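Within every chain, numbering begins at 1; the chains are lettered A, B, ... in the order of the sequence lines, protein sequences first and strands thereafter. As the structure is a computational prediction, the values presented were derived from the model and not from experiment.
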There are 2 protein chains.
Amino acid sequence: MGRRSDHSRQELRDMIITEGHRQMTANGYASFSARKVAKRIGYSIGTIYNIFGTLDDLVLAINGRTLDLWREYLEARLDNLEQGRLQQAVEAYFEFAVLHRNAWNAVYDFHLPEHEEPPEDYVEKVVAIKNVVVEEIAAALPAGRREEAVSLSYSLLATVHGHCFFTLNGTFKILGETNPLNAAIARVEDSIAALKNDCRPSES
Amino acid sequence: MGRRSDHSRQELRDMIITEGHRQMTANGYASFSARKVAKRIGYSIGTIYNIFGTLDDLVLAINGRTLDLWREYLEARLDNLEQGRLQQAVEAYFEFAVLHRNAWNAVYDFHLPEHEEPPEDYVEKVVAIKNVVVEEIAAALPAGRREEAVSLSYSLLATVHGHCFFTLNGTFKILGETNPLNAAIARVEDSIAALKNDCRPSES
DNA sequence: TGCAAAATTGATCACTGTTCAATAAAATAA
DNA sequence: TTATTTTATTGAACAGTGATCAATTTTGCA
C-alpha cells in the first residue's frame with residue numbers, strides 16, 4: 001500500500017517511539033517487544049522494521065526519548081532557582097530515575113554490539129544532559145577554577161549516577177544505606193570543597 | 001532416567017553454573033540462553049529447569065559466580081600489599097570489570113521482578129565484596145573516625161561503580177573523559193580528605 | 001529379583017526478532 | 001480520465017527463545 005493519508009512518515013516514526021516509550025515505562029526492557037508496539041498503534045510488525053531497520057535502533061530511539069524527558073525534567077527543576085541549585089540538580093537526577101525507573105533502567109540495560117558507535121543524535125542527547133550539569137558545577141566553583149568544571153563534571157556525574165544506580169537496583173538496600181540521595185550530595189560537596197581548599201590542580 | 005552415576009546433583013548444578021558463566025563471559029547477557037548451556041554440557045533443557053526452576057534463578061547463580069570471582073580478584077590484588085592499598089582496590093575494581101565486561105554487565109543488566117528479594121546467598125556475596133572495601137576505607141581513615149567507615153564505604157563504592165559503569169558503557173567516551181580510573185581515585189581521596197579535615201560528622 | 005523413588009527427557013506451547021515476496025494505496029504521467 | 005510508477009504496508013515463514021510436564025529411564029533399596 002501507499003502512505004495512509006493521515007500520517008506522514010515522520011509522524012508515524014514519532015507514534016512508534018511514543019508508544020514504545022509508554023510500554024518501556026510500563027513493563028520494562030526485559031519484556032519489551034516490537035510486535036506489541038505494532039499491535040497497539042494498529043500497524044503490522046513489518047512497518048516497524050521498515051522504519052527502524054533493527055530492534056536496536058528502535059530501542060535507541062526510545063531511550064533517546066527518555067534522555068530528552070530527563071533533561072527537560074532537570075531544566076524545569078532548576079528554572080529560576082536561586083539557592084541550592086547543585087543539590088536540586090542531584091535530587092532531580094534521582095527523582096526522574098525513580099519516577100521512570102523502567103525507562104531509566106532501559107537506557108543502561110541496552111548495549112550496542114561491540115565496536116558499534118551510538119548514532120549522532122543519541123550522543124547529542126547525552127551531551128545535553130551533561131551540559132546541564134557542567135553549568136551547575138561551574139557555578140559552584142571558585143571563579144578562578146572554572147576551567148576545571150568540565151572535567152570535574154564528568155566525574156561527579158558518574159558519582160551521582162553510581163548512587164542513583166545502587167538505589168534503583170537494590171544494592172543500597174542490601175548494604176543498609178538508607179539515604180543515598182544525601183550521600184550523593186555529600187560526595188559532590190566533598191569534591192568541590194577539595195578543589196576549593198586545595199591549590200594543586202585537581203587530578204583528572 | 002535416574003541420576004547419572006558420574007554426577008551428584010550438586011556437581012551437576014556446578015557444571016551448569018560454570019558453563020553458563022563461560023557463555024555469559026563469551027557472549028553477554030543479551031544472547032544468553034539456557035538451551036545452549038544444556039546442549040554444551042550434554043543435558044536437555046528440562047534438566048536445567050528441574051535444577052534451577054527459573055531462568056532468573058540460573059542467571060542469579062551465574063552472576064553470583066561472577067561476584068565470587070570479583071571478590072577473589074580484589075583480595076588477590078590486595079594480598080600482602082603495604083602501600084597504596086586503596087588505589088589498588090579501585091584499580092582492581094575497574095580491571096575486573098574490563099577483563100570480564102560481559103559477565104560484569106550481566107550482574108547489572110539483570111533485574112528481579114518488582115518486589116522480589118534476591119536470594120540470601122546472593123546477598124552474602126554482595127556483602128562480602130562490600131566488606132573488602134570497608135576494610136580499606138577504614139584503614140585510610142584517621143583512627144578516631146573509623147566508625148564512619150561503614151557508611152562512607154557504601155557511598156564510595158557507588159562512586160567507584162559509577163565511574164566504572166560509565167567507562168564500560170561508553171558514556172565517558174562520549175563525554176571525552178580519558179582517564180576514568182584516576183578520576184575515581186581522586187573522588188575517593190576527596191571524600192577521605194573531607195572527613196580528615198573536617199570536624200563535623202560526615203553526612204550520610 | 002522387583003519396586004518405588006529420583007532424575008532426565010524432549011515434544012509442545014506461546015512467544016520473540018527478522019526477512020521479504022506479495023499487495024495495496026498514493027503520486028505522477030499520459 | 002486512465003495508465004504507470006513509486007511508495008508504503010502487510011503478514012506468513014523461519015529460527016530461535018523460556019517454560020511445562022507426561023512419559024521414560026536409571027538408580028537405590030527391600
Protein-nucleotides 11-16 of chain D N/O pairs closer than 3.5 Å?
from	atom 1	to	atom 2	distance (Å)
D:dA13	N6	A:Arg35	NH2	3.2

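For the pair A:Ser191 and B:Asp190, the tightest heavy-atom approach, listed with the atom from each and the gap, is OG-OD2, 2.8 Å.
At D:dT9, one or more side-chain N or O atoms of A:Tyr43 fall inside 4.0 Å of OP1 or OP2 (strictly under the cut-off).
Going from atom CG of B:Asp56 over to atom P of D:dT17 covers 17 Å, rounded to whole Å. Distance A:Ile51 CD1 to C:dT19 P: 16 Å, rounded to the nearest Å. B:Gln23 has its CD atom 14 Å from the C1' atom of D:dT17, to the nearest Å. The nearest whole Å value for the distance from the OH atom in A:Tyr29 to the C1' atom in C:dT16 is 13 Å. Counting to the nearest Å, the C1' atom of D:dT9 and the CZ atom of A:Arg13 are 18 Å from each other. C:dT23 atom P lies 17 Å from atom CG of A:Asn50, rounded to whole Å. The interatomic distance linking B:Tyr49 (OH) with C:dA11 (C1') rounds to 15 Å, in whole Å. As rounded to whole Å, 11 Å separates atom P of D:dT17 from atom CZ of B:Phe32.
Within 4.0 Å (heavy atoms only), B:Leu12 reaches sugar-phosphate atoms of the nucleic acid but no base atom. Across all strands shown, B:Phe52 has no heavy atoms under 4.0 Å from either base or sugar-phosphate atoms.
No side-chain donor from either of A:Thr54 and A:Asp56 sits under 3.5 Å from a side-chain acceptor of the other. Side-chain atoms of A:Thr159 and B:Arg187 form no donor-acceptor pair, as typed in the model, at a separation below 3.5 Å.
The aromatic rings of A:Tyr108 and A:Phe165 stand perpendicular to each other, their planes meeting at an angle above 60°, with 30° marking the opposite boundary. Ring geometry for A:Phe172 against A:His163 counts as tilted: the plane angle lies between 30° and 60°, on a 0 to 90° scale.
One finds a salt bridge joining B:Glu117 and A:Lys173 here, because a Lys/Arg side-chain nitrogen approaches an Asp/Glu carboxylate oxygen to under 4.0 Å.
More than 12 heavy atoms of other residues, nucleotides or ligands lie within 6.0 Å of NZ in B:Lys36, so this atom counts as buried by the packing criterion.
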